[in-house]
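Scroll down for the structure; my scribbles are underneath it.
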Amino acid sequence: MIIKKINNSFSKSEFTNKLITIKKLNYKEIIEKIKNVLFNFPIFSIFSIYLAQCFYEYSLEGRKDLQFMHNHLKLFGIYILLSTILFVLGFISLGKLIINLTKIINQGNDYKKYDLYNIKNKINKFTKLILKKFNISLVLYRNLLIILFVKLLIISFFKITKDKGATLINHGQYNLIAFTTIMLIYLIGFLSWFLIFKNWTIKTTIIRIFIFIILILILFSIKNVYVSKDWPIGIDGKQLMFKDDSNSKVCQIESDFIAWPSFIPKGSTRIITGSSECPKESEQFSRLINGVLTMDNCKEENKEYTLSPVFWEEQKKYDTFTNDFKYYEKLFQGKTITHKYIGPVEIKHETVMAICGNLTEIHYQNVRDQQFYQRTINNFNSPKIKEHADKVKLPNHSNQEYNKKPIDILFLMIDALSRAQFKSAMPSTFETLQSIQSEGHSKVFQFFRYHSLKPFSDPNTMAMYNGYNRIEYDDLDYENNINDGGGIGGIVGGGGGGGGGGNNDNGEIISNEDINENKFNWENNPMFYQSFRNDSYVTTWVTGLCQDWFQHYLKMDKEEGSVDHEIALPFCSPQLHPPEKPFGIFEGPYSIRRRCLGDKHVHETIFQYINQFWENYKDVGKILHTTFMDGHEGTNEVIQIADKGFSKFLDKDIRPKLNDTFLILASDHGQHMSGYYMWSKGGKIEVAMPMLYLVLPTWFLEKYPNVEKQLLENENKLSTPFQLYDTIRTLSTFPEFGGIDMKDPNGIRNENQKGFLGKIPDTITCSQLGIPHNFCVCK
């Protein structure tokens with residue numbers, strides 16, 4: 001009965017006519033109808049622009065939570081991409097409507113031609129009805145749309161630019177650069193499309209584009225073969241082991257990915273960032289050479305210099321002064337003094353600011369402190385430590401030169417640099433390491449499977465500096481029996497031993513609950529340098545940026561007297577830490593531009609300080625740690641600029657000293673500020689695999705062949721910053737490094753706390769090393 005009714009109401013002939021009508025309606029007519037709907041009334045445009053503003057607003061969400069920000073980087077990127085698409089659709093559709101109305105108006109010679117209801121097939125019916133009802137002419141309608149266009153453009157501009165901050169909470173500057181980059185890509189694409197179709201036919205265009213794409217794919221494939229083959233290779237042609245075919249239980253790392261940064265031409269951002277060179281020396285008005293300050297190029301009457309200059313008031317003015325700086329504010333209180341400059345003057349402070357009228361220049365140097373020098377001279381074989389002197393193992397080398405002072409320790413930490421990125425972005429430095437290895441006086445050890453704990457500095461630097469674990473694990477991690485104490489296999493202890501539960505130096509039990517509650521104390525987790533005898537070593541900490549690492553991450557001051565020299569003030573100067581926007585894209589420690597202090601790159605000034613420190617304390621043991629921020633930006637360009645300086649420093653300055661120096665060249669994690677990290681498989685792998693190279697004198701390894709044996713065996717073992725921390729502390733027990741771990745004098749630390757100098761199981765897992773399941777790159 002129902003079928004019969006349907007047949008009566010919709011005959012066969014009518015159905016056939018409908019099909020014929022649909023067939024006649026070709027794709028051009030369909031597109032034209034869609035265009036009429038989209039481009040003949042501004043509701044679509046207004047709605048698109050409104051949504052675009054909303055999505056951009058969503059991308060500005062910020063919290064003082066680094067984990068949250070990293071987890072949402074991809075989502076923020078999607079929001080920005082959607083906002084650009086909707087902005088383009090909204091403004092193009094509105095602009096197209098205005099252009100079409102202008103053409104209609106220009107075709108008429110009298111008022112009726114302008115009249116909306118005399119125009120056919122140009123304006124949709126809904127628009128005609130509304131405008132006819134309110135008696136609005138076509139000219140007025142067009143003018144109203146122009147006003148609307150301009151108003152929406154101004155509102156959108158202010159919405160996009162209202163947040164130009166560069167902090168976790170207000171990060172609009174980074175969003176704006178991403179937004180602008182995408183819009184520039186659209187613009188280049190539109191212009192290219194327009195020019196192509198203006199000069200070529202559609203057929204010719206399609207053929208030529210097809211040929212061009214084929215050629216690009218061929219060149220890309222050739223390059224990718226080379227990059228993929230070179231990506232895992234290290235010093236002496238050794239390679240990262242992606243998997244062990246003989247043992248399926250060994251952590252397997254994916255090899256099917258594209259290392260996109262290798263395809264970006266060097267210097268591709270220079271059009272935005274400018275020259276990679278610092279201002280010429282002749283442009284500087286002051287010099288600090290051999291401790292003497294001169295201001296020969298200052299032509300102003302007002303010439304002054306400030307000893308130990310501080311910049312806290314400017315930071316407070318812009319509300320960028322944080323708890324990080326309270327320690328330094330207290331440390332330098334009363335030490336800042338300004339003098340009139342009359343002529344060349346000897347400077348005995350480590351930091352000085354030259355003032356020429358309204359211009360300032362910062363200089364810093366290492367000044368030998370006789371108190372530190374006398375504390376450490378001639379004590380290596382006659383320990384002057386207050387306790388446990390009887391437990392010190394003294395050196396007994398046939399070459400008396402090796403018995404006069406301990407082996408020096410130079411710890412260079414480059415923030416945000418993967419092993420693969422180090423090799424591709426710093427080829428000269430990589431070749432210098434290869435040359436050092438080939439020369440034979442020292443040996444270079446590389447750790448291919450060195451795995452970070454998170455994609456940001458906090459947990460990685462805490463693990464490598466004091467073996468402390470502050471990672472917040474989820475339920476799945478605990479279901480997988482995560483070792484929340486770090487170390488190896490959950491067996492940890494003495495003196496922090498990899499960061500967690502076990503025994504402290506007094507044999508007392510430390511529970512993982514204490515660790516989870518973040519009950520940090522120096523007894524259980526001393527800094528790596530505190531394991532070494534302070535009667536033989538002078539210790540220096542170079543911050544590399546305006547940050548007190550101890551307050552920033554541990555929320556407490558370093559132990560009093562644990563560091564002899566500390567350099568922070570130069571990095572807090574307005575040149576390197578602009579008080580208004582300290583972490584901007586074009587200024588500050590995260591800048592995509594060159595980082596200069598006067599006529600030198602920041603890394604060059606640090607190298608200069610290291611050389612002075614080595615010379616001033618050449619007769620005693622030295623420990624120096626410094627952080628470099630050259631890798632901490634999204635373009636991969638700044639670290640390439642640093643390659644020349646690093647290569648020269650290692651080759652000319654450090655190579656002659658390596659017979660008496662333990663060199664650590666490390667990073668905390670890989671690149672985490674680029675689209676490569678956010679969007680690609682390779683980026684996710686590289687951010688978890690930072691670089692780590694250890695360089696030791698050959699004579700030391702010949703004396704202790706098991707040290708070399710273990711280091712070589714562990715080069716392709718899965719490891720973390722906890723193992724680096726344990727390695728450094730273990731070396732303190734060797735006579736050539738002082739012969740005692742001052743924070744574990746009774747030798748409570750066990751076999752699993754020797755780091756790379758002990759056994760690391762082939763089948764060790766991320767869970768056993770404390771690496772969260774959602775960051776582990778093992779399949």
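Keep in mind it's a predicted model, so treat the numbers as computed, not measured. In what follows, residues are counted from 1 in the order of the sequence shown.
Scored by the side-chain hydrogen bond (donor to acceptor under 3.5 Å, both in side chains) test, Asp660 finds Lys405 as partners (sequence neighbours excluded). Qualifying side-chain hydrogen bond (donor to acceptor under 3.5 Å, both in side chains) partners for Ser435, counting only residues two or more places apart in sequence or in other chains: Arg655. Among residues two or more places apart in sequence or in another chain, the side-chain hydrogen bond (donor to acceptor under 3.5 Å, both in side chains) test is passed with Ser732 by none. When the salt bridge (charged side-chain N to carboxylate O under 4.0 Å, His left out) test is applied to Asp548, no partner is found at least two apart in sequence or on another chain. Applying the side-chain contact (heavy atoms from CB on, under 4.5 Å) criterion to Lys393, with sequence neighbours excluded, gives Thr733, Pro735. Under the side-chain hydrogen bond (donor to acceptor under 3.5 Å, both in side chains) criterion, Asn534 pairs with no residue at all, not counting sequence neighbours.
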*Evaluate the side chain to side chain contact (heavy atoms under 4.5 Å, CB included) criterion for residues Phe380 and Leu394: first the C-alpha distance (whole Å), next the side-chain angles of each, then the deciding distance (0.1 Å), finally the verdict.*
CA-CA 8 Å; Phe380 188 43; Leu394 299 177; over 6 Å; no
*asked:* Pair Arg729, Tyr725 - check side chain to side chain donor-acceptor pair (under 3.5 Å), show working.
replied: CA-CA 6 Å; Arg729 289 196 61 180; Tyr725 174 76; 3.1 Å; yes
*Worked verdict on Phe775 versus His451 for ring pair (Phe, Tyr, Trp, His ring centres under 6.0 Å)*: CA-CA 10 Å; Phe775 189 63; His451 197 302; 5.8 Å; yes
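To the nearest 0.5 Å, atom OG of residue Ser418 and atom CH2 of residue Trp231 are 7.0 Å apart. We find the NZ-CD distance between Lys454 and Glu472 to be 8.5 Å, quoted to the nearest 0.5 Å. For the atom pair CG (Asn521) and OH (Tyr468), the distance works out to 8.5 Å, reported to the nearest 0.5 Å. In this structure, the separation between OG1 on Thr626 and CD1 on Ile606 is 4.0 Å, given to the nearest 0.5 Å.
Results of the ring pair (Phe, Tyr, Trp, His ring centres under 6.0 Å) test with His625 over Tyr529, Trp549, Tyr465 single out Tyr465 as the only residue that passes. The only option from Phe411, Phe607, Phe649 that meets the ring pair (Phe, Tyr, Trp, His ring centres under 6.0 Å) definition with Phe628 turns out to be Phe607. Between Asp408 and the choices Val620, Thr661, Val538, the side-chain contact (heavy atoms from CB on, under 4.5 Å) rule is met once, by Thr661.
Within 6.0 Å of the NZ atom in Lys644, the count of heavy atoms belonging to other residues, nucleotides or ligands does not exceed 12. Other residues, nucleotides and ligands contribute over 12 non-hydrogen atoms within 6.0 Å of the CG atom of Asn247. Annotation: Asn399, atom CG; neighbour count of heavy atoms from other residues, nucleotides and ligands within 6.0 Å is above 12. When the shell of 6.0 Å around NZ of Lys657 is examined, it contains more than 12 heavy atoms from other residues, nucleotides or ligands. For CG of Asp256, the number of neighbouring non-hydrogen atoms (other residues, nucleotides, ligands) closer than 6.0 Å is 12 at most.
Taking every heavy atom of both residues into account, Leu417 and Ser667 meet most closely at N-OG, 2.9 Å. Annotation for Pro459 and Leu453: closest pair O-CD1, 3.8 Å, computed over non-hydrogen atoms. Across every non-hydrogen atom of Val687 and Pro455, the tightest pair is CG2-CB, 3.8 Å. For Leu433 against Val444, the heavy-atom pair with the smallest separation is O-CG2, 3.6 Å. Considering every non-hydrogen atom in both Asn659 and Ser442, the closest pair reads N-OG, 4.3 Å. Between Ser536 and Pro406, the closest heavy-atom pair is O-CG, 3.7 Å.
Sorted by first then second residue, the salt bridge (Lys or Arg N to Asp or Glu O under 4.0 Å) pairs that include residues 681-702, not counting sequence neighbours, are Glu254-Lys681. Annotation: salt bridge (Lys or Arg N to Asp or Glu O under 4.0 Å) contacts involving residues 768-779, sequence neighbours excluded, are absent. Sequence neighbours left out, the pairs with a member in residues 237-247 that pass salt bridge (Lys or Arg N to Asp or Glu O under 4.0 Å) are Lys238-Glu715, Lys243-Asp245. Applying the disulfide bond (SG atoms under 2.5 Å apart) rule to pairs touching residues 404-443 yields nothing, sequence neighbours excluded. Within the structure, the salt bridge (Lys or Arg N to Asp or Glu O under 4.0 Å) test picks out the following pairs touching residues 420-436 (sequence neighbours left out): Asp230-Lys423. Residues in residues 415-442 take part in these ring pair (Phe, Tyr, Trp, His ring centres under 6.0 Å) pairs, two or more places apart or across chains: Phe422-Tyr693.
Side-chain contact between Ile482 and Ile471 is absent, with no heavy-atom pair separated by less than 4.5 Å. Under the 4.5 Å side-chain criterion, counting only non-hydrogen atoms from C-beta, Leu240 is in contact with Arg449. Under the 4.5 Å side-chain criterion, counting only non-hydrogen atoms from C-beta, Ile610 is in contact with Leu412. Counting only heavy atoms from C-beta outward, the side chains of Glu479 and Asp474 never approach each other to under 4.5 Å.
Relative orientation of the Phe734 and Phe700 rings is perpendicular, given thresholds of 30° and 60° on the angle between their planes. Taking the six-membered ring where tryptophan is involved, the planes of Tyr590 and His632 are essentially parallel, since the angle between them stays under 30° and well short of 60°. Relative ring orientation between Tyr609 and Phe613 is described as parallel, the plane-to-plane angle staying below 30° on a 0-90° scale split at 30° and 60°.
Defined by atom type and a distance below 3.5 Å, a donor-acceptor pair is missing between the side-chain atoms of Tyr677 and His669. One side chain, Asp741 or Ser531, offers a donor N or O that lies under 3.5 Å from an acceptor on the other. For the 3.5 Å distance criterion, the side chains of Thr461 and Asp668 fail to qualify, holding no donor opposite an acceptor. A donor and an acceptor atom, one from each side chain of Asp643 and Thr429, are located under 3.5 Å apart. In this structure, a donor-acceptor pair under 3.5 Å is absent between the side chains of Asn714 and Tyr450. At a cut-off of 3.5 Å, with distance as the only test, no side-chain donor of Ser424 or Ser262 sits close to an acceptor on the other residue. For the 3.5 Å distance criterion, the side chains of Gln437 and Asp236 qualify, holding a donor opposite an acceptor.
Between Cys251 and Cys778, the two SG sulfurs come within 2.5 Å of each other, short of that mark.
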